[in-house]
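In what follows, a structure is listed as structure tokens, so that the remarks can point back to it.
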Amino acid sequence: MSDAAENPADIPPFRYTAELANDIEARWQDHWEENQTFRAPNPTGPLAEPDHPRSGAPKLYVMDMFPYPSGEGLHVGHPLGYIATDSYTRYQRMAGFNVLHPMGFDAFGLPAEQYAVQTGTHPRTTTARNVERYRGQLRRLGLAYDNRRSFATTDVEFYRWTQWIFLQVFNSWYDRDAGRARPVEELIRQFEDGTRATPDGRPWPQLSDVERRQVVDDHRLAYISEAPVNWCPGLGTVLANEEVTPEGRSERGNFPVFKRNLKQWMMRITAYADRLLADLDGLDWPEKVKLMQRNWIGRSVGAHIDFPTRVGPIRVFTTRPDTIFGATYMVLAPESELVDELAPSAWPESTKDKWTGGHATPREAVDAYRKFAAGRTDMERQAETREKTGVFIGAYATNPATGTGIPVFIADYVLAGYGTGAIMAVPGQDERDWEFAEVFDLPIIRTVAPPAGFDGKAYTGEGPAVNSSAPDGGLSLDGLDVATAKARTIAWLEREGLGAGAVTYRLRDWLFSRQRYWGEPFPIVYDETGLPVALPDDMLPVELPEIDDFSPKTFDPDDADTEPETPLSRHTDWVDVELDLGDGPKTYRRETNVMPQWAGSSWYELRYLDPTNDKVMVDPENERYWMGPQVDGDSGGVDLYVGGVEHAVLHLLYARFWHKVLYDLGHLSSFEPFRRLFNQGYIQAYAYADSRGVYVNAEEVVERAGRFFHRDTEVDREYGKMGKSLRNVVTPDEMCAAYGADTFRVYEMSTGPLDVSRPWETRAVVGAYRFLQRVWRLVVDEATGATRVIDSTVDDETQRVLHRVIDGVNTDLTNLRFNTAIAKLIELTNRATAISSAGAGTPRAVVEPLVLMLAPFAPHAAEELWRRLGHAESLAYGPFPQADPAWLVTETVTYPVQLNGKVRARIEVPADATDDAVRAAALDAVAAQLGGHAPRKVIVVPGRMVSVVA
RNA sequence: GCCCCUGUAGACCAACGGCAGAGUCGAUGGACUCAAAAUCCAUUCAGUGUGGGUUCGAAUCCCACCGGGGGCACCA
């Protein structure tokens, strides 16, 4: 580069250089912006445009997972998916679709807040700056977004609707009979007219106002509950599971994290577990992602069984009701409230020494064990050794099948959040129970006969039931197979009123509040009863108040017995508010938690459809057009959603959940947000560390004989993420400056299939650069700048190459195979270059289709060349070249002839030769090798090859 | 431990069960140049991770193993 700059005269003046590319790109980016080239017309509303060339055309809605605008800006890995969707949508727009391809920003979140805490800069300032930086970087890449539809989740006009959706969720309940969400007014009406019984059976009018509200609140899809959360006193906030390290400390600051029961907002996503599971089947998603969601939802079928105790029954969930005769003890989760009622003040006679943990009373033992369990992280609980721990609580329950008393333990291998937080332990058929039984010397009864020769411990397989008959003959399972025994047991439980068949899920309700500042405020206030009251829609948005201390109150990092104090709660002039919510002006207290970062991304696909609508979230007609079901049974949704697999579960599950709620309430015609999902791979990079483990600037490392050196020291190469701390970041800005955006785009699309991760290699970018230079040279004379295009006829072979490429590029682009499409364009370019340099110029009939096909990948250069070819209009609306079938057939075909699996000859025959003719020609060709013997078998694969078996 | 994905020239990647190569980088040689860079032209290189099987024919389908990546992991 620098040498070139010293001798600019050596470079032909009209060559496609980085300088020229940058000039062209800036001009076309301005042109597209001024002409709003990529605006997509809506059917109705302010963005409707009946005169638009694509108005009323078949629609295509393509979305990227929008970015969090970090302070670092984009590196070359980030835009891979954006360039891919841009290339795809540019192609489909040219091919005739009305394309919606928007981009926004997921701008609430912790980093901006942390930065604010450190510097005092308001998160809004940082966020706005970062969003602008991202917009600039994306614009520089020539991404064809409809900019009228861009927003950040932090925009008040956006989060107003996030709050509106929260209210929709809050004001709904899940009607299990109807299998859908309904407005709570309908629930209240059912209570009022007596068609639905109140929880305690009293008639509705006898309940006090507060009691009625509590009953209704217990049904809402958004509700307040005491939930075990990750409380981090050092940071003063609760943390999401993914913000906690495997060592049980906070990812930021490395403070201890404790499990605490705290009052939090929850979303009743579990009500939708079945539908979230079932509707996966109809989605065009990677199987891997579907499987991850299925595992996450974790449906298990079994039964609830009540085990009587002196203070009432312990209800367990089991998938193996057939093994009930082998239940020799019970285990409750340490946190279980039942424990407090059950544990007596002294150890019973029968208590074994090893059951007590050395404590004098059950209460002491329980307290000590709870403390122990709370201090253990999930990781420790699951550690390799997995030595079972627990303690007897001094109480007994009765096995309802056998009538025997069985001891009750608490142990942390039973999880409070799953099932009922209690199990019947069947060591004979459960490995975990077997281990526990060994540690605590508990009886083990096999109730499924293992096969002969089985020498393991617990047996979890198929087999006939044994030891499974009640003395009084109430239930007898002996000899039955597992499935029959399960059914028989469930029928018996239901008949006896001891339990019932049941389905449970691993999925938990969604913890929806955060003790932070930079998030959406809840549209909720509390009245004098302490119960939540929804603000009416016309009081939205509830704006984040202006404050200057963004940090939650922090505590001694080791003090688990502290309470979160949110940033908003200190601002009493905002928190305490006088409102008239129907019964005159009263003082209310605002909710001071904010929503989690997932909130905005759980519905943003809907707002792109109608971003300026201030009456409704999205006009139903616009939603139906862009996202509605296309055929009977179709879920509807975005036609293509591209993003990383890291969002396989949480984001995609939350978005599906909200979408279904809004569908149930009649706001949407689609019942899934994303019909098709595609996970792009990652661009990764090498990083180099010296012997001290310190990273060196990757740009300065050279390779010599397979080893790597930074100056004179040898360094170790690692492969992984691109990141500031690894000193291996390459930015799109650098690439644009050195080669232009088109080169960068072509390079990223050509290095491999979209779903494959691959290494970044700066030195290989020049390949894409040379390709564009060659295309440029086909049209523009490098020395004079004159157009080199001629209107001559094209030879047949070139015609065949051209139409084969057109055909292949259409197929490849339709199937997101950008790398092979570009390879074909290079092939065509090479052919065109050959005939161009042999003749007086480049035939227009070849170069025009080439330029059009190049446009999805290198749109600026393509537009520029298109103009130089004499077209006044942008090529953004095509038409895209279509192959002429006449040129796709060849006159002759060359068949390889295999003899016993090896290619021994080639024959050339007319393309329309009959199989018999081909066979004859093939046998003729290998006659010498056959030596006069008749072949045993001859296989002719039309158009492909001939296989002869001697 | 269980499940999923994936192994093709020095690197990245192509190849409806049918001649292993479309394309890119690198390397080597040549053209241009006083020389270099840039550019252009040409050449090189693997028998498809390993071992079996199915088939006329396997990179492709099946089985086992090895390497790489990812998910789940006391979920009763």
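Predicted model only: the values in this text are computed from it and were never measured. Throughout, protein chains are lettered first and strands after them, A, B, ... in sequence-line order, and every chain is numbered starting at 1.
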Quiz item: According to a strict under-4.0 Å criterion, is A:Arg717 in side-chain N/O contact with OP1 or OP2 of B:rA11?
Solution: no
Quiz item: Separation of A:Ile822 atom CD1 from B:rC12 atom P, in whole Å?
Solution: 19 Å
Quiz item: Mind checking whether A:Tyr747 and A:Trp760 have parallel, tilted or perpendicular rings, split at 30° and 60°?
Solution: perpendicular
Self-check item: C1' atoms of B:rU33 and B:rA37, separation to the nearest Å
Solution: 10 Å
Self-check item: Base paired to B:rG1 (Watson-Crick or G-U; both N/O distances under 3.5 angstrom)
Solution: B:rC72
Quiz prompt | Whole-Å distance separating the CZ atom of A:Arg770 from the P atom of B:rC40 | solution = 6 Å
Quiz item: Given atom OH of A:Tyr413 and atom P of B:rC74, what is their separation to the nearest angstrom?
Solution: 13 Å
Quiz item: To the nearest angstrom, how far is A:Glu748 atom CD from B:rG23 atom C1'?
Solution: 17 Å
Quiz item: What's the NE2-P distance between A:His647 and B:rG71, to the nearest Å?
Solution: 13 Å
Quiz item: Between the base of B:rC56 and the side chain of A:Ser947, is there a donor-acceptor distance below 3.5 Å?
Solution: yes
Exercise. Before accepting this row, confirm whether a basic side-chain N of the pair A:Glu438/A:Lys457 lies closer than 4.0 Å to the acidic partner's carboxylate O.
Key: yes
Quiz prompt | Whole-Å distance separating the CD1 atom of A:Ile939 from the P atom of B:rG57 | solution = 8 Å
Quiz prompt | Syn/anti state of B:rG47 by chi, 90° boundary around 0 | solution = syn
Quiz item: Does a side-chain N or O from A:Asn819 land closer than 4.0 Å to OP1 or OP2 of B:rA14, or not?
Solution: yes
Exercise. Hey, can you tell me if A:Tyr719 and A:Tyr686 have their rings parallel, tilted or perpendicular (30° and 60° cut-offs)?
Key: tilted
Practice problem: Please state whether the rings of A:His304 and A:Phe317 are parallel, tilted or perpendicular, taking 30° and 60° as the class boundaries. | Solution: perpendicular
